[in-house]
Amino acid sequence: MPEIELDIERCNGCGLCEDFCPVNVFEMIEVGGRLLPSVVRAEDCWACDTCVGQCPTGALRVVETFEYAPEPGLGGRWDGQKERAAPLSGEQQALYRSWSEKLMQVLRLRWSPVAVSLIPAGAPLPVVPMPREKLRYCQSLMAARRGKSLLMPAKCHACPDGTTILGLTEIPAKLASGELYIRFGKLDSIEAARQMIAERPRLEPRSIQATLVTPLAQATLPPDVIAVIAQPEQMMWLCMAASYYTGKRFEFKVSGYNAQCVETTLFPYTSGKINISLGCYGCRASSDVGDDLMFMGIPASEMPGLIEGLVALGKKAIPDSRDKIYLSPLT
Ligand code: SF4
Ligand code: SF4
């Protein structure tokens with residue numbers, strides 16, 4: 001059982017640890033005229049570190065019981081499980097490299113597309129470094145587009161929305177009820193918060209043991225979803241590539257809430273359809289993503305047809321459009 005250490009000199013009694021613990025380990029109690037968190041269900045703690053990540057004063061520490069082996073310069077490895085995922089075959093590696101090259105060349109992407117895998121509970125883990133600092137899921141995507149590969153069990157995630165949505169943890173009661181969205185000024189009323197929560201998918205708690213993000217060309221597991229971070233013009237070509245053989249139009253689910261976890265990852269993962277996101281408050285506030293960029297999540301099953309369509313568009317339609325062949329002298 002993990003040990004929870006509280007530095008009462010640092011604690012300001014805000015209660016965020018109680019609010020965010022997904023299994024209600026804490027209750028706030030009055031001690032000598034101060035409110036302090038008391039550990040009342042220590043046996044339920046599974047060292048997800050959500051409370052540590054949310055504590056604004058650094059007053060909490062959760063000492064884990066599984067082995068966490070630091071690797072200088074990289075962060076660490078998770079040694080709680082010894083079996084490792086088999087490496088990809090040469091054929092698979094070549095396929096993902098070729099998808100990446102075609103996306104980058106035809107669209108002229110500045111950053112790499114990102115391979116996202118949601119690793120089910122109990123599945124062997126690949127040998128990929130864990131981040132030294134806790135990261136939000138959206139921050140890990142931004143790091144992967146610049147070349148980092150990151151394996152993140154719940155303890156490495158800094159955003160409780162992301163961990164509950166992606167099936168890494170249970171949902172804290174006040175996140176489920178919508179109360180915390182009101183507390184942070186994200187929505188006008190509890191009814192609006194409940195509606196927003198009801199419309200977003202969420203995976204079964206603890207059905208996923210870790211998220212894995214890598215540059216697509218360096219995928220270490222078959223990706224579930226490929227995330228592309230690009231400009232509207234590049235997204236337009238991706239949409240046209242995906243409908244090149246069918247002419248179909250798309251219905252995207254976009255809100256401004258939970259952009260990377262829900263809109264770029266989970267909608268494509270659960271529906272098998274591509275989805276677009278305009279980004280959200282959290283990912284724009286916590287990363288360097290440019291204001292001119294938006295996001296697309298593509299299920300891996302859609303990639304072969306999309307890549308074929310994109311290559312076909314790249315022969316004439318894309319260069320013609322970029323050459324502005326219809327530009328009127330009047331404009
Ligand atoms: S580590 Fe996770 S389960 Fe344990 S007390 Fe903190 S939030 Fe709760
Ligand atoms: S979140 Fe940190 S500061 Fe706030 S009550 Fe818990 S331990 Fe204290």
Side-chain angles (χ1 to χ4, degrees), residues 1-70 75-76 78-81 119 121-122 130-137 139-140 151-186 197 202-211 258 261 282 286:
M1 189 166 64
E3 281 175 27
I4 302 166
E5 297 174 358
L6 171 70
D7 182 339
I8 57 171
E9 298 306 318
R10 288 186 171 201
C11 177
N12 66 12
C14 68
L16 287 176
C17 50
E18 182 194 34
D19 289 345
F20 276 105
C21 173
V23 288
N24 303 313
V25 165
F26 301 101
E27 275 177 19
M28 298 302 288
I29 56 165
E30 204 180 309
V31 182
R34 290 176 65 189
L35 268 184
L36 289 173
S38 168
V39 176
V40 293
R41 276 171 285 273
E43 67 283 4
D44 289 345
C45 177
W46 57 290
C48 68
D49 260 9
T50 305
C51 55
V52 178
Q54 294 306 308
C55 175
T57 63
L60 280 170
R61 207 163 82 92
V62 175
V63 183
E64 308 153 58
T65 47
F66 60 78
E67 204 182 332
Y68 179 65
W78 198 11
D79 278 349
Q81 184 186 33
I119 304 176
M130 291 160 64
R132 185 189 296 274
E133 303 282 338
K134 278 170 163 285
L135 289 177
R136 289 167 174 262
Y137 173 66
Q139 290 173 319
S140 74
L151 177 70
M152 290 171 45
K155 66 189 292 305
C156 292
H157 281 257
C159 171
D161 257 4
T163 53
T164 58
I165 286 164
L166 296 172
L168 291 150
T169 61
E170 293 85 352
I171 186 165
K174 289 184 183 173
L175 266 187
S177 70
E179 278 174 75
L180 282 169
Y181 297 98
I182 307 300
R183 179 167 169 176
F184 293 117
K186 302 267 185 67
I197 293 164
R202 176 157 58 87
L203 296 179
E204 196 59 32
R206 297 204 219 179
S207 60
I208 299 297
Q209 65 172 321
T211 57
N258 311 119
C261 47
S286 63

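Both counts, for ligands and for their atoms, begin at 1 and track the order of listing. Owing to the predicted nature of the structure, the values given are computational and were not obtained by experimental measurement.
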Is there a side-chain contact between [X] and [Y], using heavy atoms and a 4.5 Å cut-off?
| X | Y | answer |
| --- | --- | --- |
| Thr57 | Cys55 | yes |
| Glu179 | Ile182 | no |
| Thr169 | Thr163 | yes |
| Cys51 | Val62 | yes |
| Leu151 | Ile119 | yes |
| Leu6 | Phe26 | no |

Could you tell me whether the side chain of [X] and the main chain of [Y] form a donor-acceptor pair under 3.5 Å?
| X | Y | value |
| --- | --- | --- |
| Lys134 | Cys156 | no |
| Gln139 | Ser286 | yes |
| Arg183 | Lys174 | no |

Leu35, portion touching ligand 2 at heavy-atom distance under 4.0 Å: neither
Where is the nearest protein heavy atom to [atom]: which residue, which atom, and how far?
| atom | result |
| --- | --- |
| atom 6 (Fe) of ligand 2 | Cys17 SG, 2.4 Å |
| atom 3 (S) of ligand 2 | Asn12 OD1, 3.2 Å |
| atom 2 (Fe) of ligand 2 | Cys55 SG, 2.3 Å |
| atom 8 (Fe) of ligand 2 | Cys11 SG, 2.3 Å |
| atom 5 (S) of ligand 1 | Phe26 CE1, 3.5 Å |

Check the pair Thr211, His157 against side chain to side chain contact (heavy atoms under 4.5 Å, CB included), reporting the backbone distance first and the verdict last. CA-CA 9 Å; Thr211 57; His157 281 257; 3.0 Å; yes
Against heavy atoms of [X], which atoms of ligand 2 measure under 4.0 Å?
| X | value |
| --- | --- |
| Thr57 | 3 (S) |
| Leu6 | 7 (S) |
| Leu60 | 7 (S) |
| Gly15 | 4 (Fe), 5 (S) |

Is it true that Met28 lies under 4.0 Å from ligand 2, counting heavy atoms only? yes
As an exercise, state the distance from CG of Asp161 to NZ of Lys186, rounded to the nearest 0.5 Å. 6.5 Å
Spatial distance of atom CD1 (Ile165) from atom OH (Tyr137) [nearest 0.5 Å]: 11.0 Å
Using a distance threshold of 2.8 Å, state whether an N, O or S atom of Cys14 lies below it from atom 8 (Fe) of ligand 2. no
Under 4.0 Å from a heavy atom of Pro22: give me the atoms of ligand 1 that qualify, with their elements. 7 (S)
Answer side chain, backbone, both or neither: which part of Phe20 comes under 4.0 Å from ligand 1, heavy atoms only. neither
Would the number of heavy atoms belonging to other residues, nucleotides or ligands and lying under 6.0 Å from CD of Glu43 be above 12? yes
With a cut-off of 2.8 Å, strictly less than, protein N/O/S atoms near atom 4 (Fe) of ligand 1 add up to 1
